[in-house]
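Reckoned from all heavy atoms, side chains included, excluding hydrogens, waters and symmetry mates.
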Amino acid sequence: MMALQFVLLLAPVAVQSLVYGTRKTPMQQHPYLEHLQQLCGDELSSFVDEGASFYEAVDHLQDFKSQLSNPCHKAMFNASGAEPNKLIFKTAAWQTGTKSGQNVSVDLTLVLGYIDAPLFYNMPEKSPLFKTWFGIVPSRKQPAPKGILFIHTGGPRPSIMSGARGALDLFEEDHWEHIIENYDIVSVDQRGMGLSGADLFEGLVVPDDPRDLFAVAEAGYTGQLTAQVNISGQSVTALCYNLSQEADFFEPEDWANLSEVSYYLDQKMKLTVACSEKYDRDNGEGGTYNLLQYMGTEALVHDLEWLRLSLGASEITLLGYSYGTRVVAAYSSMFPKRIVRTGVSGVMGPYADILHYAKAAALNTGEILGFIQSQCLASSTCTKNPFAEGEANEDGFYFDGDINDAVDELFARSSGGGEWYTGTCGARLPLKNLLAEMQRYLTDTAVSPVRGYQEKTWPWGFAALPSLIFYAVQNPCSVTALTGNRTSAWFDLSVFSLVPALDMTGRWSRNQVAAFITETARDSTMTPGLNMFLLYATAAHGWPQLPTPIGFDQPQVNSIIAQALYDERTGLNMAQDYKIRFPNSSLVSSLSGGHCVGPDHGFDANALLTRFIIHGDQPRNAMVAGRPLKIDFETGSEKFKAMNFSDN
């Protein structure tokens with residue numbers, strides 16, 4: 001564990017003066033751009049083509065680094081992780097502590113601060129400024145010998161605490177000293193999330209106590225536009241909070257019912273439009289803009305480029321997990337020249353169309369469940385009910401069939417919105433709710449009922465899932481009481497749900513989306529992955545913001561793809577498509593499950609991933625890491641019986 005002690009507040013700009021949620025924000029030229037124009041005027045005339053964008057100009061200046069005048073060189077590179085450029089980055093607080101492993105301990109400092117980023121990221125010459133917060137663990141040597149190591153741990157969600165403060169947990173202990181000696185470790189609370197979500201609230205004042213500031217970062221706000229939160233004793237609400245108090249908004253109980261889905265989509269459109277209007281801003285020049293338009297991954301990678309400039313770093317290495325793989329792909333496509341190397345795991349597919357992605361995500365979940373089923377059928381014990389009659393069943397519901405019969409029975413009961421449960425238990429258990437419970441067994445996270453991995457390979461949830469299926473068949477009313485509540489749809493009004501709509505193309509009509517969803521929900525080959533499918537398919541309708549699709553190809557960037565064979569949220573087919581888009585990469589397939597690889601699972605592939613990121617040792621393409629291992633269903637059943645289902 002990391003022992004952390006808070007120390008004094010650093011505030012080049014008084015933190016208590018940061019008041020968010022104002023409706024009028026001035027258009028201005030970014031002060032750093034003005035600074036460059038003053039100190040690099042001759043170089044801009046000599047090395048940069050007329051009409052070049054700001055980012056192209058910076059790129060050219062870095063190409064001619066050795067030929068820059070002393071003032072221009074200082075403007076570009078006289079900064080570091082310990083002393084960022086104050087025209088871009090403002091330090092707010094820092095934390096010191098010791099990270100201790102089994103054999104190694106290292107001292108760390110975590111710096112919290114924000115960049116003044118151009119909200120209109122392509123127009124730094126005339127844009128409101130937006131405060132995007134970053135966490136930095138500065139290298140012991142300054143400036144950092146190997147530049148920036150940027151880590152995004154997925155989501156989309158705030159990543160400062162898991163990425164910067166938790167960075168070393170991603171690596172074996174023998175890498176720790178090398179990382180701290182050579183890299184500024186950087187992570188971000190991307191726009192609309194964590195500390196960078198402050199502008200979504202009305203009149204929010206950033207805490208002036210560093211303890212409170214870190215508490216906000218640790219809270220992990222995910223951009224809920226109807227949220228009410230308590231920060232340093234002040235209760236604040238996001239601008240759309242009142243909408244959630246004035247109306248009910250629920251998901252369909254039966255996603256195969258066209259009228260239910262159509263009604264839900266109509267409601268969503270009405271509410272997202274009403275909510276979005278609350279984020280219209282006066283630009284001070286007689287016009288308006290919408291804040292939510294600038295919350296996507298395209299904005300994030302530009303913010304990361306500004307962070308790189310603020311540290312004076314010529315080089316950057318990127319490591320992305322899950323959604324973080326899209327961040328790596330987008331940055332690689334946009335700013336490839338400064339990248340040393342990249343690594344990704346849990347690859348989200350490089351697909352432009354959102355409905356295409358939705359279907360690919362559903363198929364992946366179906367493949368995992370099919371793998372578990374095939375392993376179960378090959379087992380001598382898994383296909384049979386692990387419970388004796390009377391051991392774990394409601395009266396009259398002991399099940400005497402095999403695992404296939406149990407699966408068929410569960411799906412039949414939950415079809416049609418789970419109406420069967422109404423007559424038996426007095427409440428519905430929709431299929432989506434049932435599948436959400438099953439999905440928790442496909443990885444090892446804080447919400448997983450059965451924790452840990454079988455010999456660092458399969459999540460123990462894989463082995464426990466058949467027991468859950470028999471239990472659910474035998475205890476319909478108990479399961480309904482825990483999982484059958486009607487699902488609120490207010491989370492659809494969040495930056496988390498907005499990002500896919502911004503990142504991918506496709507704004508389909510209500511009738512098109514409703515037909516696509518209901519046809520998929522009726523398809524028995526697709527229904528096992530219904531939850532992952534709906535996460536993206538529902539984003540294809542409702543948001544009035546324009547898509548800002550991210551880039552997804554770069555032939556030169558040196559990369560490694562470490563992908564679990566049965567990854568809970570992304571598939572090996574997605575990793576193979578990523579390899580096609582980034583041909584200068586090595587694909588390592590890990591004989592493991594869960595989500596992404598790590599030190600505790602898929603560790604052979606993770607060792608190759610982290611060694612490449614830190615030292616550049618690139619493995620050969622098409623490697624298979626790990627060893628074949630049968631799922632231990634007998635132990636999985638024991639683990640399921642040992643837990644209290646009602647508490648999970």
Please report the closest heavy-atom contact between Thr325 and Met348, naming both atoms and the distance.
-> OG1-N, 3.1 Å

Should Phe533 and Phe516 be marked as a ring pair (Phe, Tyr, Trp, His ring centres under 6.0 Å) after you check the CA-CA gap, both sets of side-chain angles, and the distance that decides it?
-> CA-CA 11 Å; Phe533 167 79; Phe516 186 75; 5.5 Å; yes

Between the side chains of Ser467 and Ser637, is a donor N or O closer than 3.5 angstrom to an acceptor N or O?
-> yes

Let me see the working for Tyr578 and Val328 under side chain to side chain contact (heavy atoms under 4.5 Å, CB included), right down to the final yes or no.
-> CA-CA 11 Å; Tyr578 191 101; Val328 171; 3.9 Å; yes

Salt bridge check: are Asp604 and Lys456 linked by an N-O gap of less than 4.0 Å?
-> no

Answer yes if the side chains of Ser586 and Gln618 hold a donor-acceptor pair under 3.5 Å, and no otherwise.
-> yes

Taking the inter-plane angle between the rings of Trp458 and Phe371 on a 0 to 90° scale, is it parallel (under 30°), tilted (30 to 60°) or perpendicular (over 60°)?
-> tilted

Pair Thr570, Gln563: side-chain N/O donor-acceptor within cut-off below 3.5 Å | yes

Just checking, is any N or O donor in the side chain of Thr342 or Ser559 under 3.5 Å from an acceptor N or O on the other one?
-> yes

Nearest-0.5 Å distance that lies between atom CG in Leu307 and atom CG in Asn85 = 11.5 Å

Examine distances only and state if a side-chain atom of His601 and a backbone atom of Cys596 form a donor-acceptor pair shorter than 3.5 Å.
-> yes

Kindly compute the distance separating CH2 (Trp460) from OG (Ser448), expressed to the nearest 0.5 Å.
-> 14.5 Å

For residues Phe54 and Trp306, establish whether the separation of their ring centroids is below 6.0 Å.
-> yes

Distance in Å, Asp59 CG paired with Arg338 CZ, rounded so as to fall on 0.5 Å steps = 4.5 Å

Should Thr635 and Lys639 count as side-chain neighbours, where that means a heavy-atom distance under 4.5 Å?
-> yes

Among Asp567, Thr443, Thr445, the one residue meeting side chain to side chain donor-acceptor pair (under 3.5 Å) with His595 | Asp567

How far does NZ of Lys141 sit from CG of Asn182, to the nearest 0.5 angstrom?
-> 6.0 Å

Non-neighbouring partners of Ser105 that pass side chain to side chain contact (heavy atoms under 4.5 Å, CB included), sequence neighbours left out = Thr98, Ser100

Would you indicate whether the side-chain heavy atoms of Leu534 and Trp255 approach each other to under 4.5 Å?
-> yes

For Ser314 and Lys65, does a side-chain donor sit closer than 3.5 Å to a side-chain acceptor?
-> yes

Are Gln556 and Pro336 side-chain neighbours, meaning at least one heavy-atom pair lies under 4.5 Å?
-> no

Hey, is the main chain of Trp133 close enough, under 3.5 Å, to the side chain of Ser196 for a donor-acceptor pair?
-> yes

Rounding to 0.5 Å, atoms CD1 (Ile469) and OH (Tyr441) come to a distance of 10.0 Å

Output every pair passing ring-ring contact (aromatic ring centres under 6.0 Å, His included) with a member in residues 148-174, not counting sequence neighbours, ordered by first then second residue.
-> His152-Tyr323

Output yes when a side-chain donor or acceptor of Gln454 lies under 3.5 Å from a complementary backbone atom of Lys630, and no otherwise.
-> yes

Student check: side-chain heavy atoms of Arg165 and Ile185 closer than 4.5 Å | no

Student check: side-chain heavy atoms of Ile550 and Arg326 closer than 4.5 Å | yes

Could you verify whether a donor N or O on one side chain and an acceptor N or O on the other, from Thr365 and Gln439, lie under 3.5 Å apart?
-> no

Do Arg308 side-chain atoms and Ile148 backbone N/O form a donor-acceptor pair below 3.5 Å?
-> no

Nearest atoms (heavy-atom pairs only) where Ala79 meets Pro84 | CB-C, 4.1 Å

Has the side chain of Asp444 got a donor or acceptor atom that lies under 3.5 Å from a matching backbone atom of Gly452?
-> yes

Atom CD of Gln512: over 12 foreign heavy atoms under 6.0 Å | yes

Apply the test side chain to side chain contact (heavy atoms under 4.5 Å, CB included) to residues Leu572 and Glu367: give CA-CA distance (whole Å), side-chain angles for both, the deciding distance (0.1 Å), then the verdict.
-> CA-CA 10 Å; Leu572 192 59; Glu367 288 176 5; over 6 Å; no

Is the side chain of Gln142 donor-acceptor paired with the backbone N or O of Ala82 at a distance under 3.5 Å, no angle test?
-> yes

Sub-3.5 Å donor-acceptor pair from the side chain of Trp176 to the main-chain atoms of Leu168, do we have one?
-> yes

Hey, what's the ring geometry for Phe582 with Phe552, parallel, tilted or perpendicular (30° and 60° as the breaks)?
-> perpendicular

Assess whether side chain to side chain contact (heavy atoms under 4.5 Å, CB included) is satisfied between Leu609 and Val588, documenting all intermediate values.
-> CA-CA 9 Å; Leu609 169 67; Val588 177; over 6 Å; no

Report yes or no: does Ser333 contribute a side-chain atom to a donor-acceptor pair with the main-chain N or O of Asp553 at less than 3.5 Å?
-> yes

Does a donor on one side chain sit under 3.5 Å from an acceptor on the other, for Glu305 and Tyr331?
-> yes

Hey, does the side chain of Arg440 reach the backbone of Val447 with a donor-acceptor pair shorter than 3.5 angstrom?
-> yes

Heavy atoms, side chains only, cut-off 4.5 Å: are Glu56 and Val48 in contact?
-> no

Starting at CZ of Phe134, measure out to CG of Asp303 and round the result to the nearest 0.5 Å.
-> 5.5 Å

Between Tyr321 and Asn606, the two heavy atoms sitting closest are OH-OD1, 4.3 Å

Would you mind reporting whether Phe411 and Leu435 have side-chain heavy atoms less than 4.5 Å apart?
-> yes

Closest non-hydrogen contact found for Val597 with Ala605 is CG1-CB, 4.2 Å

Can you see which heavy atom on Gly594 is nearest to which on Phe462, and at what distance?
-> N-CZ, 4.2 Å

Verify whether one side chain among Asp189 and Tyr221 offers a donor that lies under 3.5 Å from an acceptor in the other.
-> no

Looking at side-chain heavy atoms only, is the closest gap between Thr548 and Tyr121 below 4.5 Å?
-> yes

Mutual orientation of the aromatic rings belonging to Phe47 and Phe64 [parallel < 30°, tilted 30-60°, perpendicular > 60°] | parallel

Can a salt bridge be assigned to the pair Glu177 and Arg140 using a cut-off of 4.0 Å between side-chain N and carboxylate O?
-> yes

Show the numbers, then the answer: is there a side chain to side chain contact (heavy atoms under 4.5 Å, CB included) between Asp577 and Ile580?
-> CA-CA 5 Å; Asp577 286 342; Ile580 293 170; 4.1 Å; yes

Over all heavy atoms of both residues, which pair between Leu61 and Leu68 is shortest? Give the atoms and the distance, please.
-> O-CD1, 3.8 Å

Taking side chain to side chain contact (heavy atoms under 4.5 Å, CB included) as the test, write out the residues that go with Leu377, two or more places apart.
-> Gln373, Thr383, Ile403, Asn404

Sub-3.5 Å donor-acceptor pair from the side chain of Ser585 to the main-chain atoms of Ile560, do we have one?
-> no

